[in-house]
Amino acid sequence: MIFDTHAHYDDEQFSNDRDELLRSMAGKGVGTIVNVSASLDSCERVADMVQDYPFMYAAVGVHPDETGSLDDESLTRMKELFTRDKVIAVGEIGLDYYWDNESHDLQKKWFVRQLELARELDLPVLIHSREAAADTMDIMKEHARGLKGVIHCYSYSKEMAKEYVKMGFYIGVGGVVTFKNARKLKETVEELPLTSIVLETDCPYLAPEPYRGKRNNSAYIQYVAAEIARLKGITCEEVIAKTEENSKNLYGIS
Ligand code: NI
């Protein structure tokens, strides 16, 4: 079944139909969802929400855009959430020089501290990196050796993807791969072994074709799987089965 490694179901875009939508997922071929926090507030929300849905797990971490709200005390509060059931990863964390909401120094500081938290807790990491390829790689080499995780919504070169794979990380592929202008990502997918790819929505954002621009949800991953299957000349079922296996290995879910 479909394994969505990265979703944001606490987003207000789901306020009107969240429960109904989530309860319909199994019927649409979705087996597992990892609900990922971005802001400090959402850490608590995602950790709460997964207790209501047996097929859902949580990742707790603070996105680079939101690092301005962090201090030692908030890190301690975050850390407490990992004692709860089904909180299985640290994320999403990283660097974002596209929005550039916070200084690069501050983003780097909290990226490193959250990587250290993942090491301390022995949990996988979900990495967000936008227009910050070199700095992200530098920090990953210095502080993420031996960790497991996903480079989420991967947008850099195929060479760099191979380097991350060599370091033991998975490449997260979502709706963008279905876009006509996503030549670079399509090439990356063609060259990477299926054993290194996991599927994701980043919903409510980044809906695949034919829903580009609309609200995304985990069931739409079938369009992502279909495009990966086309690029690799294999069946959609094979893509869904293998990426599900990869994701379960990554998160340690049996
Ligand atoms: Ni995300």
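FYI, side chains are in, hydrogens and waters are out, and symmetry mates aren't considered; it's all heavy atoms of this structure. As the structure lists them, so they are numbered: ligands from 1, and atoms in each ligand from 1. All of these numbers come straight from a predicted model, not from anything done at the bench.
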Participant: For His128 and His63, take the angle between the two ring planes, folded into 0 to 90°, and tell me which bin it lands in: parallel under 30, tilted 30 to 60, perpendicular over 60.
Facilitator: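 His128 vs His63 ring planes: tilted.
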
Participant: Indicate if Met56 and Val198 have the same hydrophobic cluster label, given that clusters are the connected sets of ILVMFWY residues with side-chain heavy-atom separations under 4.5 angstrom.
Facilitator: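 Not linked; separate clusters.
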
Participant: What protein N/O/S atoms are found closer than 2.8 Å to the Ni ion (ligand 1)?
Facilitator: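 You should have found His6 NE2, His8 NE2, Glu92 OE2, Asp202 OD1.
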
Participant: Quick one: list whatever passes ring pair (Phe, Tyr, Trp, His ring centres under 6.0 Å) with Tyr164, sequence neighbours left out.
Facilitator: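 Once residues adjacent in sequence are excluded, Tyr164 has no partner under the ring pair (Phe, Tyr, Trp, His ring centres under 6.0 Å) criterion.
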
Participant: With salt bridge (Lys or Arg N to Asp or Glu O under 4.0 Å) as the criterion, how do Asp17 and Arg215 come out once you've worked through the C-alpha distance, each side chain's angles and the decisive distance to 0.1 Å?
Facilitator: CA-CA 12 Å; Asp17 61 347; Arg215 187 185 74 172; 2.8 Å; yes

Participant: For the aromatic rings, using the six-membered ring if either is Trp, is the centroid distance between Tyr53 and Tyr9 under 6.0 Å?
Facilitator: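 No: the rings miss the under 6.0 Å criterion.
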
Participant: Closer than 3.5 angstrom, by distance alone: can the side chain of Tyr97 be matched with the main-chain N or O of Asp135 as a donor-acceptor pair?
Facilitator: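 No; judged by distance alone, with no hydrogens or angles, the pair does not exist.
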
